[in-house]
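Below is one structure, written out as structure tokens, with a few remarks after it.
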Amino acid sequence: MSAQPSAPGLNVIALISGGKDSLYSILHCIRNGHKVVALANLYPEPQNKTTTTNPNQPKHDDEEEDIDSFMYQTIGHSIIPLYETALQIPLYRQPITGGAVDTSRIYGTKTTDKDETESLVPLLRRIKQAHPEANAVSAGAILSTYQRTRIENVANRLGLVPLAWLWMYPSLPAPPARSVDTMAIRQAGLLEDMAAARCDARIIKVASGGLDEGFLWENVSGAGSGGRMMRRCLVKAMSRFAAAEDIRGAVLGEGGEYETLALDGPGFLWKKRIEVGSREEKVGEGGVAFVRLRGARCTAKSTWEISDGVAPSDIRRPGLLDPVFEGVLGSAFDFSGSLDDWKSRAMTSTARSPDWPVCEPVHRLSGSTWTISNIVAPEAGPGAGQQMKGIADKVQKVLKSFAHPKSGSRSTDDIVFATVLLNSMADFGPMNDIYVSLFKKPNPPARVTVACGDRLPSNVKVMVTFVVDLGARERRQGLHVQSRSYWAPANIGPYSQALSVPLQNQNVSRLVYIAGQIPLDPGSMDLAQVEGPSSWVENYRLRAVLALQHLWRIGEAMEVNWWLGAVAFLARGEHANTQAQVAWRLWERMHALPDNEDEDDDDGPQLDAWDIKYGRRTEELSDTPMPSLPQFTALVESHTSIPPFLAVQVDELPRGSDIEWQGLGGRCEQVKLDIKGGTSSTTMDSHYKYTNIEIDAGSSDETLKQILRSVKEAHCRDSSLSQAVLYITHSVPEALWPGQVVPCRSVWGREGRRLSAGVVLQQLRKITTVSFSLRHVLNISDIEHKRD
């Protein structure tokens, strides 16, 4: 498996602290075809400011300082100037000014020049002036959202691509070359990979009850049996004090349990090694111990040491697919491609659908969720940028008009999800230039963007639907990873991977809106493809699996334990029916309970103790931890384990992809699934219900209208309905559908069944009285909803 040929390599500024992670990240920059043009370091400002020192010269021993910075490692900073000689890469340094003023997990909630993070700005600007070719910045963040979001914030302001190759590294599939013969090695997998690259990183400070001064100066990345023994001791010591889910981070020192100093590495990067003349171990208060270094210098490496046999291609990278998804990819999907695709072409309309009128936006309010659907602005002009500007003006106006005694005023900061329908993906740039101006907060809404072609009204270039959360802003949680890594695609647009909001008046249940996921290789940000000669279906299957893995990883990071439902968007093409079948089979496999020989077929699937404990097939219960999603222990009173599913064919998807997965996640204690005829639903903690209604293929226009009227009468007048989305292959008569419309070329449901339309209904089952006024906005009258 690989990615399509990537763009030219980046020119990287490497942030270094002297620790193992920042130096190891440089190896991954080179491994991925990038060039490191400069090193950057921030160090503690000298207490005696009257003394002038050259920051690129090693400091005298009595000037060694360590400060408790939330952001930067400062222990051992007197050694930093030696890295310029050791790596033969220009080094730029600057003192740390300010302190940890904005201590929120996500940086940018407060604006201040006194925060220590802002020290990065003048340093990176100075480097960009000296190296105008620099266009990226790398850091060694592994699990620290605090550190990552601060570097991303500064990088974006300076037009630099953030790189975080080690992000979520402990949870990623092991590189093929890594040994996983013991639990200790698996928990210290990153250290094993450093050892394979001949890295030398010494512990110079310990600050954990699990570690004492006996660990000082040990090489955490040492090769051979001695290095493995040291790592086993490290795992054993940390396991006494770290919870099971935190052990990997603790073993890597992510919580400040210990700090390291890199002294050497592979010859293609390290031209010299750093040697220390003498060292003195000091024991402080609260279990802190550290090493004071003297006489550090660079020493030459022999020719054979520089030619040590380690090439950039030898730097280990995590596997592309987790074991579960690798297993799904390797399973045989039983379908007849050519016959199904012939039927698909016969049933897919290629002619322009009858034009449907441009209506006013549809508003639905239920509890703390307000959905504004089908916003268009053809009157603003013929271009996508002009129309998006008109849409932006409309939504800002309607949000300002909102007034509620409990919820207060609202703004675009309260939008948690957006669906953007384009006429063509060529309109993406002009649309996005305006769209980005709507959002200033650190976590913009999650988003899905597809192109519907001539299925949109003839004069419409852009149609947008927004989901607005009216709950307390401080209770929302967001995931907005903008750094390139091996984990999941970085966000390269004004959207978050996910936004999580609590259900109204609920402390446990949450909805997690997740952005549409396309199958980009996270490391290269190119579309994935099978290595060597391959058929279209092999490439498509890989991409379908990879995009779903992205959805899964984001869901797990947001503590989703069940999918309420999902939509697989497919790009227009001749293999649409087969693509839909593969998407369904994949969704089915990922939610399948293991076979039970004692199962009573009349009663449907039964949950036994094995299912509850492991929740998946036995052959996948190897040494790799199982994913926490789906959590089958939450499933009750259900005769299926597979949540609602739709596959819909549109014209185009971002980046020329052929599939994009969009899912709505839930964090809940109990979930119930029902299937009745053409309806499937998921009920979460009795508070929230997600329903798919399938409308059979071949329905005439009049039959379809009758069905939609029936659905509208039965469901859409329910005051608890917060969202009503119609995926349809026909034109939509005015005022027939009181919700969001996504015009499609084809639609499929469960079992890959061909449909004329699919309906998604989302209902908040227990709500309180809410009312608001939209007088004289968008020509719609006052709206008042009485709640149960």
Side-chain angles (χ1 to χ4, degrees), residues 18-21 23-25 27-28 31 86 140 142 166 169-206 208 210-242 244 247-254 257-270 273-276 279 281 289 291 299 301-302 304-319 622-625:
K20 58 180 173 52
D21 303 326
L23 272 297
Y24 188 59
S25 293
L27 299 181
H28 282 270
R31 172 71 170 89
I142 300 176
L166 305 187
Y169 200 98
S171 65
L172 301 180
R178 185 196 300 168
S179 169
V180 291
D181 56 348
T182 70
M183 180 63 73
I185 291 177
R186 289 200 300 277
Q187 292 171 338
L190 175 58
L191 303 181
E192 287 291 313
D193 296 344
M194 291 179 178
R198 298 181 184 272
C199 295
D200 185 340
R202 305 302 177 101
I203 295 178
I204 58 173
K205 181 180 179 180
V206 295
S208 166
L211 304 178
D212 57 24
E213 63 271 20
F215 282 87
L216 293 175
W217 208 242
E218 290 289 344
N219 184 1
V220 297
S221 56
S225 58
R228 286 194 177 90
M229 180 60 70
M230 186 272 154
R231 288 186 285 278
R232 290 190 182 98
C233 292
L234 184 63
V235 171
K236 183 177 180 180
M238 296 312 306
S239 63
R240 300 186 217 134
F241 291 87
I247 180 65
R248 293 189 180 190
V251 169
L252 300 178
E254 268 294 276
E257 292 84 359
Y258 66 89
E259 295 185 29
T260 59
L261 185 70
L263 300 179
D264 198 1
F268 71 82
L269 175 64
W270 290 76
R273 70 165 59 87
I274 296 173
E275 290 188 353
V276 175
R279 64 184 187 272
E281 296 179 358
V291 176
T299 60
K301 299 173 76 170
S302 65
W304 71 266
E305 286 176 315
I306 294 178
S307 303
D308 54 14
V310 179
S313 59
D314 296 323
I315 302 303
R316 294 176 178 176
R317 293 189 296 192
S622 59
D623 294 329
T624 304

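Heavy-atom minimum distance, Phe215 versus Ala237: CZ-CB, 3.9 Å. Closest approach of Gly140 and Ser25 over heavy atoms only: CA-OG, 3.5 Å. Nearest heavy atoms, Ala197 versus Ile315: CB-CD1, 3.7 Å. For the residue pair Pro266 and Val310, the shortest heavy atom distance occurs at CB-CG1, 3.8 Å.
Of the inter-residue distances, the one linking Ile306 atom CD1 with Leu269 atom CG reads 11.5 Å to the nearest 0.5 angstrom. In this structure, the separation between CG on Leu234 and CD on Gln187 is 10.0 Å, given to the nearest 0.5 Å. Distance check, rounded to the nearest 0.5 Å: CD of Glu305 to CZ of Arg273 gives 4.0 Å. We find the NZ-CG distance between Lys301 and Asp308 to be 6.0 Å, quoted to the nearest 0.5 Å. Of the inter-residue distances, the one linking Arg316 atom CZ with His28 atom NE2 reads 10.5 Å to the nearest 0.5 angstrom. We find the CG-OG distance between Leu263 and Ser221 to be 9.0 Å, quoted to the nearest 0.5 Å.
Using a 4.5 Å heavy-atom cutoff, the side chains of Met194 and Leu190 are in contact. The shortest side-chain heavy-atom distance between Leu27 and Cys199 falls under the 4.5 Å cut-off. In this structure the side chain of Ile274 never reaches within 4.5 angstrom of the side chain of Asp200, judged on heavy atoms. Put simply, the side chain of Met230 reaches to within 4.5 Å of the side chain of Ile203, judged on heavy atoms. Annotation: side chain of Thr260 is not in contact with side chain of Asp21 (no heavy-atom distance under 4.5 Å). A heavy-atom distance below 4.5 Å is found between the side chains of Leu216 and Val206. Within the 4.5 Å cutoff, the side chain of Lys20 has heavy atoms near those of the Leu191 side chain. Contact of the Ile204 side chain with the Trp217 side chain is registered, since non-hydrogen atoms from C-beta on lie closer than 4.5 Å.
Looking at Tyr258, its side chain never comes within 3.5 Å of a backbone N or O of Ala250 through a donor-acceptor pair. Asn219 places a side-chain N or O within donor-acceptor distance of the main-chain N or O of Ala201, the cut-off being under 3.5 Å. Side-chain atoms of Arg317 do not come within 3.5 Å of backbone N or O of Pro175 as any donor-acceptor pair. With hydrogens and angles disregarded, a donor-acceptor distance shorter than 3.5 Å links the side chain of Arg231 to the backbone of Gly222.
Other residues, nucleotides and ligands contribute at most 12 non-hydrogen atoms within 6.0 Å of the CZ atom of Arg198.
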